[in-house]
2 protein chains.
Amino acid sequence: MRRDSKMVPKADTKLSMSCANAIRMLAVEAIQKANSGHPGAPMGMADIAFVLWTRYLRHNPDAPTWPDRDRFVLSNGHASGMLYALLHLSGYKLSIEDIKQFRQWESLTPGHPEVDHTPGVEVTTGPLGQGFSNAVGMAMAAKRLAAVTSDDSFSPVNHRIFTMMGDGCMMEGITQEAASLAGHHQLGNLIAIYDDNQITIDGPTSLAFSDNTEARFKALGWHTITCDGHNHEAIARALDEATEEADKPSLILAKTKIGWGSPNKVNTSGIHGSPLGREEIELTKAQLDWPYEPFQVPAEVYDYFRTSADFGRREEANWTQAMETWKSKAPKLYARWELHMDKPIPSGAKSALLAAVADSGAAATRQLSGKVLQVVADQTPWLIGGSADLTPSNSTALKSAGIFGPDGLVPGMSRAGAYLHGGIREHGIAAVLNGMTLHGSHRAFGGTFLVFADYMRPSMRLAAMMKLPTIFLFSHDSFMVGEDGPTHQPIEQIASIRIIAGMTLLRPADADETAMAWYYSLHEAKGPVSLLLTRQAVKPLPKPAGYTPDDILKGAYAVVDTDKPEVVILATGSEVSLAVEAAETLTKAGKKIRVVSMPSQELFLSQSKEYQNRLLAKGQARVVTIEAGVTQGWQRFAGDTGLTIGLDHYGASAPAEVLAEKFGFTSKAITEKILALLN
Amino acid sequence: MRRDSKMVPKADTKLSMSCANAIRMLAVEAIQKANSGHPGAPMGMADIAFVLWTRYLRHNPDAPTWPDRDRFVLSNGHASGMLYALLHLSGYKLSIEDIKQFRQWESLTPGHPEVDHTPGVEVTTGPLGQGFSNAVGMAMAAKRLAAVTSDDSFSPVNHRIFTMMGDGCMMEGITQEAASLAGHHQLGNLIAIYDDNQITIDGPTSLAFSDNTEARFKALGWHTITCDGHNHEAIARALDEATEEADKPSLILAKTKIGWGSPNKVNTSGIHGSPLGREEIELTKAQLDWPYEPFQVPAEVYDYFRTSADFGRREEANWTQAMETWKSKAPKLYARWELHMDKPIPSGAKSALLAAVADSGAAATRQLSGKVLQVVADQTPWLIGGSADLTPSNSTALKSAGIFGPDGLVPGMSRAGAYLHGGIREHGIAAVLNGMTLHGSHRAFGGTFLVFADYMRPSMRLAAMMKLPTIFLFSHDSFMVGEDGPTHQPIEQIASIRIIAGMTLLRPADADETAMAWYYSLHEAKGPVSLLLTRQAVKPLPKPAGYTPDDILKGAYAVVDTDKPEVVILATGSEVSLAVEAAETLTKAGKKIRVVSMPSQELFLSQSKEYQNRLLAKGQARVVTIEAGVTQGWQRFAGDTGLTIGLDHYGASAPAEVLAEKFGFTSKAITEKILALLN
């Protein structure tokens, strides 16, 4: 079912040029109308895009979520005008009126592509290097899906991942990380096309860039092809070669001219990010022999795109029919396929996860998480994930799942494995996890130390913006890391993750909270989750009368309670047991204390105001917050009469207990601070 | 004055091995005593370190800040035990007692190396890839310093930058970015040594890594050499070849065994990050023929290191003498040298910067910054900096300074230039800026869009931890970016930068504030600064009676004032003019309003409590804060009775004025909110 250049009747040269120019001019006019946008890349890449979309890309404009469609990821998202033109011409639900609304409030054609907003857009792109790395993740997910759902007679997975990228994506470090992983994973289903136009915003790339990119990618295990990015037959030959390569990812280095078609601005940085201007548009139209009005597309162009789309429609219909046949022929594999598509909540999931850590006694939450993960992995075959080379530290190993990668590359590795050894590539992995999740067949998780969340941050933001339920796992979540010292001790990371809009942070305090954090992450989260776990052991929390583990999912609940408290101590993670100890002393001293464990600020703030006010004894008690990180963000709870206890300076290298003493994270120091507040 | 293997008498094989084993065993015993640390890398790299430090590195243990010393950057900072052993054996002020205090509270030997803490440590390292990238920055700074202070007869700059790195550094994307820059800049003064031991925490590198690293670095323009990292003469030959290469940075790929010397743990991931244990230490000692007590070093080892150090002492003395001669021979060049070392405040600096933007009318602060920069560049020849390929957007061009890079590589480029076209490599550049600043000869600045501060964050944190006065410039500092949409609109970035401990964030509101922000950044900052600048024009603020520009450096000051205000509106950057407009309306409505411009929370919080309380009319007025970003962090000022106005969700693609209307950032919407608060 592979599509290739031979399947769609080739357009003659004149029609080919018209089609490419239609893409160019739709982008150019949309940008001109908006008086904002990036015409250079659409004009330079239109020829490649035309050949790729009409003669290679397997897609059905009527079924933008067909699971076996080829994916197209525009990594240099500023070329959005080109993507919208392609979607419109191909027949997606994107009208010429939508194109005219480019970059306007609530239009379907925002400045950079946004997934789940515009039909046919696979990923939100713009921050450079991310889309390319997402594409690597998609290709990995497709490889695994194929491995676990196919037999010798049939595979429901025939799609390829195409991505286009510019010099920006090429220079970003994240691209190196993801490209290195792609080479290692021998992703023959991945084809990247590099718009090699030698111009960036500052001027010629020679100002800043001397890489031999082809040699670099060869060194990473890629198959590389060079072509003239304006010669349609040369592009087709390059795509033929790339789609035939099964064992390596392919990079097509397409030599192009930025702003191709503009007589005065071609090959200049000036055309990268500014409208051409009416005068230069007219000159461009003359040069391109394009006599049409703005947003006018000749009928033969629409016809040709429609012919191509019809091939896609037939392919999807054939695939759907084949799946029906296969459903009865290979019911087990089909059931597995359905699991990947639907990701149902397994019956008894909650109690199974809780049981995995019942009676664990004092333990590090990373270890509790490790126990939970073994059950999770058995229940959710659509889960894939790993660690940025901190498997033993993060406790992320999936003991029964096998290592994911090329069959037999190392012992225990196969395409059907679910555990990803990501290497020391935090940023690349974060984007790869997003790509796996975007693919639709998997949910992905990945771990590193909390302090290195900083390396992942741009991808975490995009996960949140896309509402992707990627699971980021961060162990070693405070200065209690100890001897490794300040470079490895997070202080601002908890707060900095919380302020990513749409991110849910869970910092469990004991076994139940860890199990429920995983339950939430897998089965309830509507966006990304950050799971923060301790290096050191924590004690199980007391369970007050009426407690059920579902309380945890309210984001905050009382673990020590009293009528009419005078102080509510609010703590997270490892600091909750400290709070409980302090409360014991304070209660003995005659104070009325409630201790609230708050595994998630976000979940708590989504509860009713009534619940929030009641739990915090609003207007009645003073609120004291405790968290082993910066205090920023806790004032909203402590208010004018309360107290925030945290760590607003870097840590130090010493045994954890010494640091706890020095930094005031002992129940004694906390008790004293609370008594001082009350007096 | 180059040092090479021929200058220090070669130790015989037995002594060589003893010296390397002394390094190994000091590290191993220190880790064992601390019961914490990373013995694998010190054991694996000891041979290389011994040869490098005794026969190549030009350094004087008595003068750790000698400006012409070779720099040694341990990029894989977890091998700190090896570095401390080298410093101790070489005769730096680091006693054997200090070594015994490895990883203890306030010791000179923390878990990862910390600059300005331990004599001879050049950089704080640990987060992988950072040290390597800092080394690239140091080599660039040295190239420029040489270009502007040397003539044909003499150069005060003869030093090289050596860095050691492991598989972690090698896989990180930041390393790719910095290595690509290093190749482009033809840094013949940079030598990186890759501890190629094929083992990481998760196991063999083959789990995750298939790069041909040598081919990759060749593709980046590096000179590469492979050697046996345990054969001292092979190491010396590689270092000879590397130090002789003048036109390219060199990468020595040293094939090593992690944990070399340990009979049972060599070549295993288990030895990476855990003490050997007493039993394995004894077996190691037997294998190494090392009969000594823990922390005992044979006299001949000390002697040999001392002989080597004496060469360094003589070299420094010779250099110092040569500088004296040169001072009279080339007074102008010497004066330039002194400028780089001392970085004095030019007379009239403040008024010159203010004058650069006087009477600018309404203008974007990025453009005002651009004007200031031209004056700055003339006044401070020790300033170097640029942009991550956003020069026109960031307004960072230094018009009279020339482009920094290999002489004549592109027109206008020379080693004496001060403007860095960094390419699309935010993370690498941030670390390179840190390296340039660490070098001691320059202050460095670099720009990108505020939203991409996320890409730079790990290096910004290290700048703050090291108290390095690197200047990070971020334009396009709010949703007012407009059409580019949510991927390019910062919301959480302002708050997330503020919570980096030791970072000073300045978000100027008009011309004076922009000029003073630069003044502060260049001449007063004791740590890193983040300058946040608008894309859009802002109006000059009113200047109340008694105003002087020095008020700005208090971090906050009144721009509209009244006796006994009932509301204090506190705003930053572009929102201050909104506040002023709202205040006008509210004053007309009979309300008593003070408007406080707060360009820097950090500077304000460093003022006296009295000043803070008076300005905010504490206990008297309600405080309303306005900032076009998340509200987190403003509750501390608004308290229980105030109001925080911000943007706690992602932006959207539309013209900026439309977004301002939709998101409530108009003086009308703000006035209404304040009236509602009062009623």
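None of the values given here were measured: they were computed from a predicted structure.
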Under 4.5 Å from any heavy atom of chain A, what part of B/S36 do you find: side chain, backbone, both or neither? side chain
Criterion side chain to side chain contact (heavy atoms under 4.5 Å, CB included) on A/R216 and B/Q176, from CA distance to verdict: CA-CA 11 Å; A/R216 167 157 78 107; B/Q176 168 65 22; 3.3 Å; yes
When heavy-atom pairs shorter than 4.5 Å are enumerated against chain A, which of B/H78, B/K218, B/Q104, B/E483 gives the highest number? B/E483
Could you tell me which portion of A/T125 (side chain, backbone, both or neither) has an atom closer than 4.5 angstrom to a non-hydrogen atom of chain B? backbone
Contact origin within A/K662 toward chain B - heavy atom pairs under 4.5 Å: side chain
Measure the shortest side-chain to side-chain distance between A/P392 and B/D202 over non-hydrogen atoms and say whether it is less than 4.5 angstrom. yes
Nearest-0.5 Å distance that lies between atom CZ in A/R636 and atom OG1 in B/T644: 8.0 Å
Partner residues of B/F637 under the ring pair (Phe, Tyr, Trp, His ring centres under 6.0 Å) criterion, sequence neighbours left out: B/W634
Nearest heavy atoms of B/S653 and A/G111, plus distance in Å: OG-N, 2.8 Å
Among A/L220, A/I424, A/I499, residue most engaged with chain B (heavy-atom pairs, under 4.5 Å): A/I424
Nearest non-hydrogen partners of B/H421 and A/L207, listed with the distance: CD2-CD2, 3.8 Å
Flag the one option from A/G485, A/A397, A/P458, A/A453 with the top tally of heavy-atom pairs under 4.5 Å to chain B. A/P458
Region of B/M465 in contact with chain A, defined by heavy-atom distances below 4.5 Å: both
Of A/H184, A/M171, A/E106, the largest count of non-hydrogen pairs under 4.5 angstrom with chain B goes to A/H184
Where the side chain of A/R425 meets the backbone of B/A208, is there a donor-acceptor pair that is under 3.5 Å apart? yes
Side chain, backbone, both or neither: which part of B/S269 has a non-hydrogen atom closer than 4.5 Å to chain A? neither
Please flag which part of B/A464 lies under 4.5 Å from any non-hydrogen atom of chain A: side chain, backbone, both or neither. both
Below 4.5 Å from any heavy atom of chain A, which atoms of B/T124 appear? Answer side chain, backbone, both or neither. side chain
With a 4.5 angstrom heavy-atom cut-off, is it the side chain or the backbone of B/E661 that approaches chain A, or both, or neither? neither
Using a cut-off of under 4.5 Å on heavy-atom pairs, state which of B/M460, B/Q101, B/Q632 scores highest against chain A. B/Q632
Yes or no on side chain to side chain contact (heavy atoms under 4.5 Å, CB included) for B/R461 and A/V451, after CA distance, side-chain angles and deciding distance? CA-CA 10 Å; B/R461 178 179 216 248; A/V451 80; 3.3 Å; yes
B/G168, B/P127, B/S107, B/G639: which one forms the most heavy-atom pairs within less than 4.5 Å of chain A? B/P127
Under 4.5 Å, counting heavy-atom pairs only, tell me which of A/R457, A/Q635, A/E114, A/H38 racks up the most with chain B. A/R457
Contact origin within B/H112 toward chain A - heavy atom pairs under 4.5 Å: both
Under 4.5 Å heavy-atom distance to chain A, tell me which part of B/D640 shows up: side chain, backbone, both or neither. both
Going from CG on A/D454 to CD1 on B/I500, what distance comes out if it is rounded to the nearest 0.5 angstrom? 7.0 Å
Under a 4.5 Å heavy-atom cut-off, does chain A meet the side chain of B/L420, its backbone, both or neither? neither
For the interface with chain B, which of A/H488, A/H427, A/M413, A/H649 has the highest count of heavy-atom pairs at distances below 4.5 Å? A/H488
Using a cut-off of under 4.5 Å on heavy-atom pairs, state which of A/G126, A/A219, A/G37 scores highest against chain B. A/A219
Taking it one step at a time, do A/F209 and B/D389 satisfy side chain to side chain contact (heavy atoms under 4.5 Å, CB included)? CA-CA 11 Å; A/F209 188 65; B/D389 197 51; over 6 Å; no
Tell me, side chain or backbone of B/A652 under 4.5 Å from chain A's heavy atoms, or both, or neither? side chain
With a 4.5 Å limit on heavy-atom distance, are the side chains of B/T487 and A/Q130 in contact? no
Contact origin within B/L409 toward chain A - heavy atom pairs under 4.5 Å: side chain
Atom group of B/I403 that falls short of 4.5 Å from chain A, counting heavy atoms: side chain
Tell me, for B/Q493 versus chain A, whether the close heavy atoms (under 4.5 Å) come from the side chain, the backbone, both or neither. side chain
Run the side chain to side chain contact (heavy atoms under 4.5 Å, CB included) test on B/E172 and A/E426 for me, step by step, so that the C-alpha distance in whole Å, both residues' side-chain angles and the decisive distance to 0.1 Å come before the verdict. CA-CA 8 Å; B/E172 291 285 359; A/E426 297 82 7; 2.8 Å; yes
Part of A/D648 within contact of chain B (heavy atom distance under 4.5 Å): backbone
Can you tell which part of B/Y455 gets under 4.5 Å to a heavy atom of chain A, answering side chain, backbone, both or neither? both
Taking the side chain as every heavy atom from C-beta outward, state whether B/F452 and A/L128 have any atom pair closer than 4.5 Å. no
Just how far is it from atom OG of B/S496 to atom CD of A/E492, taken to the nearest 0.5 Å? 9.5 Å
Out of B/L181, B/D484, B/D167, B/T391, which one racks up the most heavy-atom pairs below 4.5 Å with chain A? B/D484
Pick whichever of B/L462, B/V630, B/V410, B/T200 has the most heavy-atom pairs under 4.5 Å with chain A. B/T200
